[in-house]
Amino acid sequence: MIATTLAMGLVLQPLLGAAAVGLLVVAGWLQVCHRRPAVALTFITATIVFSSHVFAMAHVAGVPSSLIRPMIGAKDLLAWTLLAVLALRAMQERRQSWAVPLLVGAFLTLGGVVYVLFDSPAPLAVQLAAMRGASLPVLSLGCVALLSRDERRRVAVASVYVVLIGAVYALVELALPRSFVSETVGVGRYWVEVKDQPLFVDPLTDLPGNFFTSAGFPRLTGTFGDPLSAGEMLGGALVLAVAYRSALRHPLLVTLPITAALLLSFTRNGWLLAAAGVTALAAVQYGVGRALLRMAAIVVAIVIASAAIRPLGDYLGGILSGDDASTLGHHSALEYSLQLFQNFPFFGHGWGTGGSAALNTYAEAVTAENAYVAVLTQTGWLIGMMVSFLVLWLCHLAVRNQPLAAIGATVLLVQAVTAFISENVLTFNAGFFPFLTAGLVAAGDPVRGLAERTFPRAGVGRDSPEGRAVPRTGPADQCTPASPAST
């Protein structure tokens, strides 16, 4: 009956039929968010991984930019809808979960205050884009904080496989001629005509400039949109793959392509995220000494790979020697941004007055490749410190009461450090998943050493045979590894 009604509507009244189809899609998405939030969040991750290539190829096939451009923001709509449904569910089930909706509501209120009181000279579209970027940490952390531990595990495992598919394709695409990316996929046209960033595209290669290293070697991009997004997502997926290796069918076959793709993305933020997360996991699992030995073995493997893969070796050599142009540029930008910190007003200049994205359409935007500079320029110290407090509290709610909370905190710390030399945390494709990773990895399997320790019964001496023989008993979520069925 529904299909017949929609068909008649499309034939008789196309606009009415399209509206009916849209309502049906919205109703279906709300139902998925309510009943299967893990599936909904995994779908958002898949959208981030594959949507850039889908939109680029659709544009090459003839779909006009006016139709594709609004669809880019669909990821935000999907995520905000999921967050709203999770908040309603949490408020109905647990009184203490009111904290997350209140924090998100406080952030939205502060954003509205900045828009109303701080008269921004930037165009409205630029202001909306700036609001979108500033809300990413709140949106991602809010979603993961409202998931149960079992839901987090399912999202983590499914996301690893989604990123794995993207990594395998990206490796294949990297082996193809660059003309395949520019002509068949149409990435250059997509950036110029849909994303409206013509200055970012090199006229010689017809590809964005950061698709190559400063030495001219191609960087792995694949369907992730750009190498920076690829590196951030691959780094987060590698941490999740190590944390949930017991839930993966063939963990080695999963981690190897992700690791290779991460190295070939030439994205230092992704390298740092993966190195810190995996090292922290190894230290908790095996102890600091054995973890250092394992990391030394990995470093040796990377050195061997660098010797075998010339672009990787040249890139690492340039970074270590200080001759790499990108590294020097980040160093100069960091110095400049630290000088700017002294000049920020108590009140900001309004949304859209800071950040490299704003610079594309607003000539006077303040940019220094620093996420903190971008936010403080727009909001000032007063609102900026309030927003920072809200984000820190959401970070706490996202990782608290989880077995590997310290690992999640480590991932968040890495994000906070890299924000000094990058604005990736303020872009959806590069920022949403790493923040999500922090909450997902915090709910990973407890290390086996904790489950194998023995503790005495109450009333039984620790030194007695009975006390030494009795294993520790406690909540299964905190003391025993997850069974395959539960994941």
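It should be emphasised that the depicted structure is a prediction, and the values quoted were computed from it without experimental measurement. Numbering of residues begins at 1 and proceeds along the displayed sequence.
In Trp393, the CH2 atom is not crowded: 12 or fewer heavy atoms of neighbouring residues, nucleotides or ligands sit closer than 6.0 Å. Around OH of Tyr115, the count of heavy atoms belonging to other residues, nucleotides or ligands within 6.0 Å does not exceed 12. Remark: Phe200 CZ is packed, more than 12 non-hydrogen atoms of other residues, nucleotides or ligands lying under 6.0 Å away.
Leu174 is listed as a side-chain neighbour of Pro218, based on a closest heavy-atom distance under 4.5 Å. A 4.5 Å side-chain heavy-atom check between Leu136 and Phe435 finds every atom pair outside the cut-off. With contacts defined as side-chain heavy-atom distances shorter than 4.5 Å, the pair Val114/Met131 does not qualify. For the pair Pro208 and Val187, the minimum side-chain heavy-atom distance is below 4.5 Å. At a threshold of 4.5 Å between non-hydrogen side-chain atoms, the residues Leu139 and Leu83 count as touching. A heavy-atom distance below 4.5 Å is found between the side chains of Leu248 and Tyr161. Two residues are said to be in side-chain contact when any heavy atoms from C-beta on lie closer than 4.5 Å; Ile165 and Phe50 meet this criterion. Between Val181 and Thr221 there is no side-chain heavy-atom pair separated by less than 4.5 Å.
Judged by distance alone, the side chain of Glu232 and the main-chain N or O of Asn269 form no donor-acceptor pair under 3.5 Å. With Thr427 contributing its side chain and Asn429 its backbone, the two residues share no donor-acceptor pair below 3.5 Å. Side chain of Thr213 to backbone of Phe217: a donor-acceptor contact under 3.5 angstrom is found. A distance-only check finds a donor-acceptor pair linking the side chain of Tyr244 to the backbone of Gly444 [under 3.5 Å]. The closest donor-acceptor contact from the side chain of Ser140 to the backbone of Leu436 lies under 3.5 Å. With hydrogens and angles disregarded, no donor-acceptor distance shorter than 3.5 Å links the side chain of Arg153 to the backbone of Asp150. A side-chain donor-acceptor contact under 3.5 Å links Glu151 to the backbone of Ser148. Under the 3.5 Å distance criterion, the side-chain polar atoms of Ser135 are matched with a main-chain donor or acceptor of Arg132. Judged by distance alone, with hydrogens and angles left aside, the side-chain atoms of Thr47 form no donor-acceptor pair with the main-chain N or O of Lys75 at under 3.5 Å.
One finds the CG atom of Leu103 at 13.0 Å from the CH2 atom of Trp98 (value rounded to the nearest 0.5 Å). In this structure, the separation between NE2 on His349 and CD on Gln378 is 10.5 Å, given to the nearest 0.5 Å. Taking CZ of Phe212 as the reference point, atom CG of Asp202 lies at 7.5 Å (rounded to 0.5 Å). Atoms CH2 and OG1, from Trp351 and Thr379 in turn, are 6.0 Å apart once rounded to the nearest 0.5 Å. Distance CG/Leu273 to CG/Leu413: 11.0 Å, rounded to 0.5 Å. Residue Thr81 holds its OG1 atom at 11.0 Å from CG of Leu86, rounded to the nearest 0.5 Å.
Using the six-membered ring where Trp is involved, Trp271 and Phe266 have ring planes that are tilted, between 30° and 60° apart. Between Tyr372 and Phe420, the ring-plane angle classifies as tilted under the 30° and 60° cut-offs. Using cut-offs of 30° and 60° on the angle between ring planes, the pair Tyr169 and His53 is perpendicular.
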Please walk me through it: do Met233 and Thr45 pass side-chain contact (heavy atoms from CB on, under 4.5 Å)?
CA-CA 9 Å; Met233 293 205 68; Thr45 301; 4.0 Å; yes
Working for side-chain contact (heavy atoms from CB on, under 4.5 Å), residues Ile383 and Phe118:
CA-CA 11 Å; Ile383 303 297; Phe118 301 171; 4.3 Å; yes
Please step through side-chain contact (heavy atoms from CB on, under 4.5 Å) for the pair Val138 and Leu390, ending with a clear verdict.
CA-CA 8 Å; Val138 174; Leu390 295 178; 5.7 Å; no
Could you check Val100 against Leu394 for side-chain contact (heavy atoms from CB on, under 4.5 Å), going step by step and ending with a plain yes or no?
CA-CA 7 Å; Val100 175; Leu394 279 171; 4.2 Å; yes
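Scanning both residues, Leu147 and Arg152, for their nearest heavy atoms gives O-NE, 3.4 Å. Closest non-hydrogen pair, Val254 versus Leu164, comes out as O-CD1, 3.6 Å. Summarising the geometry of Leu146 relative to Arg89, their closest heavy-atom pair is O-NH2, 3.2 Å, with the distance given to 0.1 Å. When every heavy atom of Val160 is checked against every heavy atom of Ala237, the shortest pair comes out as CG2-O, 3.9 Å. Considering every non-hydrogen atom in both Leu262 and Ala274, the closest pair reads CD2-CB, 3.6 Å. Residues Val201 and Gly188 come closest through the heavy atom pair CG2-O, 4.2 Å.
Partner of Phe433 under the side-chain contact (heavy atoms from CB on, under 4.5 Å) criterion, chosen from Leu240, Ile44, Leu234: Leu240.
Defined by atom type and a distance below 3.5 Å, a donor-acceptor pair is present between the side-chain atoms of Thr267 and Arg219.
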